[in-house]
Amino acid sequence: MALSGLDIYKHLPKTNCRECGFPTCLAFAMALAKKQATLDKCPYVTEEAKQKLESAALPPMRLIKIGTQEKILEIGNETVMFRHEEKFHHPTGIGFLLEDDLDENKFKGQIEQINKLKFERVGQEINVNLVAIKQTKDDDNLVNKVKIASQATDLAFILMSNSLNALRKSLEILKDKRPVIYSATKDNFEGFSKLAKEFNCNLVVSSDNLEILSDLTAKISSAGFSDIILDSGKKPLTKKISELTQLRRLALKKNYRPLGYPNIVFVEEDDPFREVSVAASLLAKYANIIILKSIDSWLALSLLTLRQNIYTDPQKPLQVESKVYPVGTPEEKSPLLITTNFSLTYYTVLSEVESSKIPSYILAVDTEGMSVLTAWAAEKFTAESISKTLEKQKAKEVVNHNQIVIPGYVAAMSGDLEEQSGWKVLVGPREAAGITNFLKSLKV
Ligand code: SF4
C-alpha cells in the first residue's frame, strides 16, 4: 500500500535544512507521497530509512532507457496526468516499422529516409528515435536485416519476432545498444524475459486484456526483470485513448505497480493523413512510444512539432537569450528590429527577416518568454524595459543611426519609448508576415 506523507515524514531527519528544494521535511514528505519528488533529493536519509521508504522512493512509472549513451531514448517516469500540474518529463519516442521482407537496397533506402527525419525548430533539433524491424520470413533473414540496420543508423531498435533463436542472434549484433524485444505474451514470457535479462535490454509485454497484462508483468518482475514496456494491443482510437488514460491513472494515482511501466502503440493506417491524426491523438494521451508505417517528412515534422509543444514546461516558455542578433551580414546602417525573447516569436521574426534578404539586427528583449501582446499586457514589454535593454546591449555601438522598429501591436508605446530611450521609433507591421515588405520599403 502507498505510504502517506505523514508515514514518510516519520523516517526523515526533520532538520528542515531545505537542501532537497522544499522548505520543510514535511513538505518534502508530502511531495514524495504524491510522487512529485524522489527520495535521493535528501542527502541525509539513513540507509535504514531508505529501505523502509523503498516503495515511496520508486517512481510510479518506471524509467526505461533504450539505445546507446549517445542517442539514448528515455521514456516513462512521468508523475502527473495533466501538463498544467507539472511538465511531462520524457517525450514520446517516435519510430517506424520496417518489415524484413524488403530487398536489401530498399531496406537500406528506408533507413536512410528515417535517418533524415530531423529538423530544427525554435532553436532546437527535433528528430525521430526508433526503427522497429519485424520478422516476416526465416531467422537468417531477420538477422541479416538487423546487421544492415546496425551499420546504417544510430537510432534505437525494436526487434519484433517470435523466434528466440532469431532474437538471440540479433541481440548479439546489437549488444550494448539496449534494444527492445517485442514481445512477451502469456505463452512465451519465460523464455523472452530470460533473454531480455541476459542481454540487458528492454521487453515489451503484450496482451489485449489489462488483467492478463498485469498478471504477466507481476510474474516477470517477481522473477527479477523490470525493464518492461506495455502493449495493450490494437483497438479503435477512442477505446485506445481511454485505455492509455486508465493505465496512466492506475500507475500515477493508484500506484499500481504491475502497470507502472511506459507503453508502446502501433499506428498502421493505410491513409497517411488518418495515420498522422491518430498518432497525434495518441501522442497527446498518453503514448510513450509510437511506431508508424509511413516514412514521410511532413508526417514526422507534424508529430515532432506537436511533441515539442507538449513536452515543454508550460510554466517556462521556450526563450532565447536577450541580446542583439545579426541576421545575414548587417552593417552599421542596417535596420534594428525589436521583439521579445519568446522563442516562437523570435524565430518567426528571424525567418521573415531572413527571407527579406535585407541584412538586419534583431534585439530580443527579456520578457520571460512571453509573446509581444502577452508581454505588453503583463508590463514586461514596455518603453522602460526596451530602453534598458537597448542600453544594456550597447545598441548605439552596433548601428550608426538612431532608428528602431517595434511591432505594430505595441504602436501605442511609440511616444513614451522615444522619450525614454532617445531613439526614433518606427512602427513595423502587426504580423511577422508583413516584415519583408516593410523592410524593403524602409529607408534607414
Ligand atoms: S534535505 Fe532532507 S533533511 Fe533537509 S529539509 Fe529536505 S528532507 Fe529535510
Side-chain angles (χ1 to χ4, degrees), residues 1-66 69 72-92 124 178 200 202 214 217-218 221-222 224-230 245 247-263 286 288 310-319 321 366 368-370 380:
M1 204 172 81
L3 294 174
S4 72
L6 286 177
D7 293 333
I8 297 169
Y9 178 64
K10 285 179 202 152
H11 299 284
L12 295 180
K14 305 185 189 71
T15 57
N16 301 334
C17 72
R18 297 170 170 247
E19 280 185 47
C20 54
F22 289 84
T24 60
C25 295
L26 183 60
F28 180 61
M30 293 300 178
L32 262 183
K34 286 193 218 151
K35 308 290 177 196
Q36 290 169 348
T38 51
L39 192 59
D40 59 354
K41 292 280 181 292
C42 172
Y44 304 111
V45 185
T46 62
E47 278 311 311
E48 193 193 345
K50 265 186 200 159
Q51 280 174 10
K52 289 197 175 132
L53 294 173
E54 195 187 3
S55 71
L58 284 173
M61 184 190 289
R62 190 175 173 84
L63 176 68
I64 297 290
K65 298 180 179 187
I66 310 165
Q69 211 51 44
I72 200 150
L73 169 67
E74 294 189 343
I75 52 165
N77 203 15
E78 300 299 343
T79 51
V80 291
M81 294 296 295
F82 303 108
R83 195 172 156 267
H84 60 260
E85 298 173 72
E86 192 192 309
K87 86 188 267 279
F88 292 170
H89 293 281
H90 294 104
T92 305
Q124 293 184 342
R178 278 187 71 79
N200 185 30
N202 305 286
S214 82
T217 61
S221 74
S222 65
F225 183 81
S226 298
D227 288 329
I228 291 171
I229 298 167
L230 305 173
T245 307
L247 283 173
R248 187 154 169 134
R249 204 172 278 284
L250 282 167
L252 305 192
K253 296 290 178 195
K254 304 288 179 196
N255 201 20
Y256 184 60
R257 293 267 161 231
L259 295 176
Y261 301 97
N263 63 70
Y286 283 107
N288 300 108
I310 292 176
Y311 284 85
T312 51
D313 188 342
Q315 286 159 17
K316 284 191 205 142
L318 285 175
Q319 301 174 33
E321 194 187 338
D366 183 3
E368 298 173 14
M370 291 181 202
K380 304 279 180 201

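Not measured: the values here are computed from a predicted model. Each ligand, and each atom within it, is numbered from 1 in the order the structure gives. Hydrogens, waters and symmetry mates are skipped; everything else that's a heavy atom, side chains included, is used.
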Those atoms of ligand 1 less than 4.0 Å from some heavy atom in P13: 3 (S)
N16: numbered ligand 1 atoms lying under 4.0 Å from its heavy atoms: 5 (S)
Side-chain contact, heavy-atom cut-off 4.5 Å: [X] with [Y]?
X    : Y    : answer
R178 : N200 : yes
R83  : P314 : yes
K50  : V45  : yes
L39  : I8   : no

Cation-pi, F88 ring and R248 (6.0 angstrom, 45 degrees): yes
Short N/O/S contact of C25 with atom 4 (Fe) of ligand 1 (below 2.8 Å): no
Looking at [atom], what's its closest protein heavy atom, distance included?
atom                    : value
atom 4 (Fe) of ligand 1 : C17 SG, 2.3 Å
atom 3 (S) of ligand 1  : T15 OG1, 3.3 Å
atom 7 (S) of ligand 1  : F28 CD2, 3.4 Å
atom 1 (S) of ligand 1  : C20 N, 3.4 Å
atom 2 (Fe) of ligand 1 : C42 SG, 2.4 Å

Which segment of R18 sits under 4.0 Å of ligand 1 when only heavy atoms are counted: backbone
Check against side-chain contact (heavy atoms from CB on, under 4.5 Å), Y9 and K14: CA-CA 8 Å; Y9 178 64; K14 305 185 189 71; 3.8 Å; yes
Non-hydrogen atoms of H90 and E74 that approach each other most closely: CB-O, 3.2 Å
